[in-house]
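One-based numbering along the sequence shown.
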Amino acid sequence: MNYDEWNEVKKAINNKDFVSNAKIGKVYWVNVGLNIGCEIYGKGDNFKRPVLVLNTFYISNNKAFLGVPLSSKTSKANKHKIIIIDKNKTEQALLLNQIRIFDNKRIISLSSIKITNEDFCKIVEKINKEVIPRTSVGTH
């Protein structure tokens, strides 16, 4: 892992002229980056990882999306990981504890990973139940 290499990639991302439009329910290859501690990081020269778009936003005139990173390491499902079979019949792990906002400039391309509408609804339901539980303030 090299933060200097990631910094150069990040500068190029920030200077992109063309920005893709993220679409809810689609999976994109995203420059996730080289992050800190338990934060998920991207792989390869572009520090990339597939990310499922959960919602889209406009923040200070910039397009952004709420996304959940995916992993091909599907062992050990738990309350913060959901395993699905995509439309290509490949197991995918959605890392629910890594949900975050991504600027659309980080999008590299559309992934070949396809999520069914049924699985997308199950993912959102699990996020609402396990990641954002409905509890009273101050009970944790």
Side-chain angles (χ1 to χ4, degrees):
M1 293 198 285
N2 185 324
Y3 287 101
D4 292 331
E5 288 174 18
W6 165 237
N7 195 41
E8 293 304 315
V9 172
K10 189 165 49 171
K11 288 178 198 176
I13 294 166
N14 192 52
N15 291 328
K16 277 171 87 172
D17 289 328
F18 175 76
V19 178
S20 298
N21 288 319
K23 295 192 176 14
I24 296 171
K26 300 288 185 187
V27 178
Y28 296 89
W29 283 103
V30 174
N31 297 109
V32 174
L34 188 57
N35 296 304
I36 299 170
C38 65
E39 298 169 352
I40 198 74
Y41 55 89
K43 309 229 174 169
D45 293 340
N46 288 321
F47 302 89
K48 67 183 181 178
R49 175 174 292 281
V51 175
L52 171 65
V53 177
L54 300 171
N55 205 349
T56 58
F57 305 98
Y58 288 96
I59 303 171
S60 302
N61 295 324
N62 291 312
K63 295 176 183 178
F65 64 94
L66 181 65
V68 58
L70 281 71
S71 175
S72 59
K73 294 180 182 165
T74 59
S75 62
K76 298 183 189 172
N78 60 48
K79 78 182 226 176
H80 296 296
K81 183 192 287 186
I82 186 169
I83 309 297
I84 62 155
I85 306 292
D86 67 23
K87 287 184 178 179
N88 300 325
K89 308 291 185 219
T90 304
E91 278 192 341
Q92 301 290 339
L94 286 95
L95 308 174
L96 304 182
N97 60 349
Q98 297 291 328
I99 293 172
R100 64 175 251 206
I101 296 290
F102 295 91
D103 190 285
N104 282 17
K105 285 185 175 187
R106 290 181 180 265
I107 295 173
I108 300 169
S109 62
L110 185 63
S111 170
S112 64
I113 299 168
K114 308 287 186 219
I115 307 294
T116 65
N117 288 337
E118 181 181 342
D119 279 339
F120 185 80
C121 290
K122 287 178 185 176
I123 292 161
V124 170
E125 183 179 317
K126 180 140 178 138
I127 290 167
N128 286 332
K129 183 178 178 186
E130 301 291 346
V131 179
I132 310 170
R134 291 179 176 91
T135 60
S136 299
V137 175
T139 60
H140 287 286

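Side-chain contact check for Asn55 versus Ile24: some heavy-atom pair is nearer than 4.5 Å. Ile123 is listed as a side-chain neighbour of Ile115, based on a closest heavy-atom distance under 4.5 Å. Put simply, the side chain of Ser71 reaches to within 4.5 Å of the side chain of Arg49, judged on heavy atoms. Within the 4.5 Å cutoff, side-chain heavy atoms of Pro50 are placed close to those of Trp29. Looking at heavy atoms from C-beta onward, Val51 lies out of side-chain contact with Tyr28 at the 4.5 angstrom threshold.
Listed by first and then second residue, the salt bridge (Lys or Arg N to Asp or Glu O under 4.0 Å) pairs involving residues 4-19 are Glu8-Lys11 (not counting sequence neighbours). The stretch residues 115-125 participates, sequence neighbours left out, in these salt bridge (Lys or Arg N to Asp or Glu O under 4.0 Å) pairs: Glu118-Lys122.
Judged purely by atom type and a 3.5 angstrom limit, Arg106 uses its side chain to pair as donor or acceptor with the backbone of Val32. Judged by distance alone, the side chain of Asn31 and the main-chain N or O of Asn46 form a donor-acceptor pair under 3.5 Å. Under the 3.5 Å distance criterion, the side-chain polar atoms of Lys105 are left unmatched by any main-chain donor or acceptor of Ile13. Judged by distance alone, with hydrogens and angles left aside, the side-chain atoms of Tyr3 form a donor-acceptor pair with the main-chain N or O of Asn35 at under 3.5 Å. For the pair Gln98 (side chain) and Cys38 (backbone), a donor-acceptor distance under 3.5 Å is present.
When the shell of 6.0 Å around CG of Asn117 is examined, it contains 12 or fewer heavy atoms from other residues, nucleotides or ligands. Counting heavy-atom neighbours within 6.0 Å of Lys126 NZ, excluding the residue itself, gives a total above 12. Within 6.0 Å of CG on Asp45 lie no more than 12 heavy atoms contributed by other residues, nucleotides or ligands. Crowding of Lys114 atom NZ: a count of heavy atoms from other residues, nucleotides or ligands under 6.0 Å exceeding 12.
The two atoms that bring Pro69 and Gly67 nearest to each other are CD-O, 3.9 Å, heavy atoms only. Nearest heavy atoms, Asn2 versus Phe47: O-CZ, 4.1 Å. Across all their heavy atoms, Ala22 and Val53 have their closest contact at CB-CG2, 3.9 Å. Across all non-hydrogen atoms, the minimal contact from Phe102 to Val30 is CD2-CG1, 3.9 Å.
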Decide yes or no on side chain to side chain contact (heavy atoms under 4.5 Å, CB included) for Ile101 and Ile59, but give the supporting numbers first.
CA-CA 10 Å; Ile101 296 290; Ile59 303 171; 4.2 Å; yes
Give the C-alpha distance, both sets of side-chain angles, the deciding distance and a yes or no for side chain to side chain contact (heavy atoms under 4.5 Å, CB included) between Asn62 and Asn104.
CA-CA 8 Å; Asn62 291 312; Asn104 282 17; over 6 Å; no
Stepwise, does the side chain to side chain contact (heavy atoms under 4.5 Å, CB included) test hold for Thr116 with Lys87?
CA-CA 7 Å; Thr116 65; Lys87 287 184 178 179; 3.7 Å; yes
Given the rule in the side chain to side chain contact (heavy atoms under 4.5 Å, CB included) test, do Ile113 and Thr90 qualify, once you have shown the distances and angles that lead to the verdict?
CA-CA 8 Å; Ile113 299 168; Thr90 304; over 6 Å; no
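For the atom pair NZ (Lys81) and OG1 (Thr74), the distance works out to 7.5 Å, reported to the nearest 0.5 Å. The distance from atom CD of Gln92 to atom CD1 of Ile85, rounded to the nearest 0.5 Å, is 8.5 Å. Atoms CG and CZ, from Leu94 and Phe120 in turn, are 10.0 Å apart once rounded to the nearest 0.5 Å. The distance from atom NZ of Lys48 to atom OG of Ser111, rounded to the nearest 0.5 Å, is 9.5 Å.
Leu52 and Ile108 are assigned to two separate hydrophobic clusters, defined by single-linkage of ILVMFWY side chains at heavy-atom distances under 4.5 Å.
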